[in-house]
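Single-structure report; data block below.
Note that the numbering runs from 1 along the sequence shown for the chain.
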Amino acid sequence: MTNPVLVEVLRGGRVESRHCGSIAVCDAHGGLFLARGDVARPVFPRSAVKVMQALPLVESGAADAFGFDVRELALACASHSGEPEHAALAQKILAKAGFEPDALECGAHWPSSQEATIGLARSGGTASALHNNCSGKHSGFLCACRHLGLNHKGYVKIGHDYQRLIAATMEEVTGAAHREDNSGTDGCSIPTYAVPLTNLATGFAKLATGEGLSAERARAARRLFSACMAEPFYVAGTGRADTEMMTAGNGRVFVKVGAEGVYCGAVPELGLGFALKIDDGAGRGAEAAVASLLAWLLRADEALAARYAGIASVTMKNWNGIEVGAVRGLPLS
């Protein structure tokens, strides 16, 4: 199946590039509300499923045992920009369970925020694992390991008991296999599993509504969703698309980016979850496509739909500040 064009890139009024992809929107029972392209092809959701990976942190009692607040729960689901607030909060989470930053096994990289990188370099600092966009998630993993009495060494490996728990949880939520034969290794070294978009969308609808989940899991999902929607800066960062889209939704929309052109999320009031993948892996394409999708899903609220439509159309300027074109997500109908 050839996937449709979801996003166009314009220059001088002409289409210069196109981003093709697929979109699935489902309810909690697996009913397909909207499909564009091949929604049955398994894709690696990467960081888009961090809220699912955080479920055991809450369900195990670790989040309560270590006194996680709303911002800390949001950071546990984050792909943050490595800004000072993000790194400091990750370190605070680790300290609650008696860990130093060197316990993190996600690897070190400079902040993805250019301003944060410049500030860190000017201060004489160096990149550490705390600046890794996944440090909040990994800090949560370490806290859960400590609470459950698990050896935290090698917690990123597919055979580690905590990764087995995460995989089993995600399998239950999505209804898709999370096994070694459909796994790969994510950028932060944990396993990632290839899952059809329909299963991901259904899983997010379950998390958003609680339907098809145990009472305990429904409470955990509601708590994590609420934290992310209340503190989107800690899920992403300054100027990031996730921050902008959840801020616009004001508690009505959950979105989460994944690498290689993936986005997942939910609109709880509609009882719907969604998942999309841009074929060429372009983040600009994924951001425009998900904003267009939200504009369509929330079209009954004209003001909010217009705001998402605005996010879906981004003006491009060159280094002299001259407007040269635009990235635009194509409207859905």
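- The six-membered or imidazole ring of Phe204 lies away from that of Phe274, with a centre-to-centre distance of 6.0 Å or more.
- Between His152 and Tyr162, the ring centre distance reaches or exceeds 6.0 Å.
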- Under the side chain to side chain contact (heavy atoms under 4.5 Å, CB included) rule, what do Asp27 and Phe33 come out as? Steps first, then yes or no, please. CA-CA 7 Å; Asp27 63 26; Phe33 185 79; over 6 Å; no
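- Within the 4.5 Å cutoff, no side-chain heavy atoms of Ser17 are placed close to those of Arg11.
- The CZ atom of Phe99 sits 9.5 Å away from the OG atom of Ser139 when rounded to the nearest 0.5 Å.
- Residues Tyr263 and Phe44 are members of separate hydrophobic clusters, defined by side-chain heavy-atom contacts under 4.5 angstrom among Ile, Leu, Val, Met, Phe, Trp and Tyr.
- Tracing side-chain contacts under 4.5 Å through hydrophobic residues (I, L, V, M, F, W, Y), one never reaches Val314 starting from Leu10; they form parts of separate clusters.
- A donor-acceptor pair under 3.5 Å links the side-chain atoms of Lys277 to the main chain of Glu260, judged by distance alone.
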- Query: Under the side chain to side chain contact (heavy atoms under 4.5 Å, CB included) criterion, do His160 and Cys145 qualify, and how do the steps go?
  - Reply: CA-CA 10 Å; His160 190 277; Cys145 285; 3.9 Å; yes
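- Nearest heavy-atom pair, Ala201 versus Ala24, reported as atom, atom and distance to 0.1 Å: CB-O, 3.6 Å.
- Counting only heavy atoms from C-beta outward, the side chains of Pro232 and Asp242 never approach each other to under 4.5 Å.
- Within 6.0 Å of atom CD in Glu180, 12 or fewer heavy atoms from other residues, nucleotides or ligands are found, so the atom counts as exposed in its surroundings.
- The closest side-chain heavy-atom distance from Val25 to Leu293 is below 4.5 Å.
- The closest donor-acceptor contact from the side chain of Thr243 to the backbone of Gly237 lies under 3.5 Å.
- Two different hydrophobic clusters hold Val15 and Val7 under the rule that ILVMFWY side chains link at heavy-atom gaps under 4.5 Å.
- Considering OG of Ser128 and CG of Leu104, their distance stands at 8.0 Å, rounded to 0.5 Å.
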- Go through the steps for Arg328 and Glu8 under the test salt bridge (charged side-chain N to carboxylate O under 4.0 Å, His left out), then give the verdict. CA-CA 5 Å; Arg328 65 180 184 191; Glu8 292 179 336; 2.7 Å; yes
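- A salt bridge links Arg252 with Glu269: the distance from a Lys NZ or Arg NE/NH1/NH2 to an Asp or Glu carboxylate oxygen falls below 4.0 Å.
- No side-chain heavy atom of Val253 sits less than 4.5 Å from a side-chain heavy atom of Leu297.
- Between Val43 and Leu200 there is a side-chain heavy-atom pair separated by less than 4.5 Å.
- Not less than 6.0 angstrom separates the ring centroid of Phe233 from the ring centroid of His80.
- A pairwise comparison of heavy atoms in Thr192 and Pro45 identifies OG1-CD, 4.1 Å as the closest pair.
- The main-chain N or O of Ala78 is never found under 3.5 Å from a side-chain atom of Asn133 such that the two would form a donor-acceptor pair.
- Within the model, atoms CZ of Arg307 and CG of Asp301 stand 11.0 Å from one another, a figure rounded to the nearest 0.5 Å.
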- Message: If you apply the rule side chain to side chain contact (heavy atoms under 4.5 Å, CB included), what do you find for Val290 with Met245, and how did you get there?
- Response: CA-CA 9 Å; Val290 74; Met245 285 188 276; 3.4 Å; yes
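- Not a single donor-acceptor pair under 3.5 Å links the side chain of Lys137 to the backbone N or O of Ala76.
- In terms of modelled atom types and a separation under 3.5 Å, the side chain of Asp280 and the main chain of His19 share no donor-acceptor contact.
- The two residues Ala286 and Val262 have their closest heavy-atom pair at CB-N, 4.4 Å.
- Summarising the geometry of Leu330 relative to Val5, their closest heavy-atom pair is CD1-O, 3.6 Å, with the distance given to 0.1 Å.
- Looking at Asn132, its side chain does come within 3.5 Å of a backbone N or O of Gly107 through a donor-acceptor pair.
- Considering all non-hydrogen atoms of both residues, Thr169 and Arg217 come closest at CG2-NH2, 3.5 Å.
- When atom types are taken as modelled, the side chain of Asn3 and the backbone of Gly37 share no donor-acceptor pair closer than 3.5 angstrom.
- Lys256 places no side-chain N or O within 3.5 Å of a backbone atom of Val49 that could act as its donor or acceptor partner.
- With salt bridges taken as basic N to acidic carboxylate O contacts below 4.0 Å, none links Arg219 and Glu59.
- Under a 4.0 Å N-O distance rule, the pair Asp64/Arg223 qualifies as a salt bridge.
- Looking at heavy atoms from C-beta onward, Phe141 lies out of side-chain contact with Val156 at the 4.5 angstrom threshold.
- Residues Arg240 and Ser81 form a side-chain contact, since some pair of their non-hydrogen atoms from C-beta on lies under 4.5 Å apart.
- Salt-bridge formation is detected for the pair Glu171/Arg179: a Lys NZ or Arg NE/NH1/NH2 atom is positioned less than 4.0 Å from an Asp or Glu carboxylate oxygen.
- Between Glu105 and Lys153 no salt bridge is recorded (no basic side-chain N to carboxylate O distance below 4.0 Å).
- One finds a salt bridge joining Arg71 and Glu231 here, because a Lys/Arg side-chain nitrogen approaches an Asp/Glu carboxylate oxygen to under 4.0 Å.
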- Message: Using the rule given for side chain to side chain contact (heavy atoms under 4.5 Å, CB included), can you reason through Glu72 versus Leu75, listing the C-alpha separation, both sets of side-chain angles and the distance that settles it, and then say yes or no?
- Response: CA-CA 5 Å; Glu72 290 161 345; Leu75 197 76; 5.6 Å; no
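- Within a 6.0 Å radius of CD in Glu211, other residues, nucleotides and ligands contribute more than 12 heavy atoms.
- What you find for Cys228 and Phe254 is that their closest heavy atoms are CB-CE1, 3.6 Å.
- Counting heavy atoms from C-beta on, the side chains of Pro42 and Val195 never come closer than 4.5 Å.
- Using a distance-only test at 3.5 Å, with no hydrogens or angles considered, a donor-acceptor pair links the side chain of Tyr308 to the main chain of Gly249.
- Proximity of a side-chain donor or acceptor of Asp186 to a complementary backbone N or O of Ser189 within less than 3.5 Å is not detected.
- No more than 12 heavy atoms of other residues, nucleotides or ligands lie within 6.0 Å of CG in Asn250, so this atom counts as exposed by the packing criterion.
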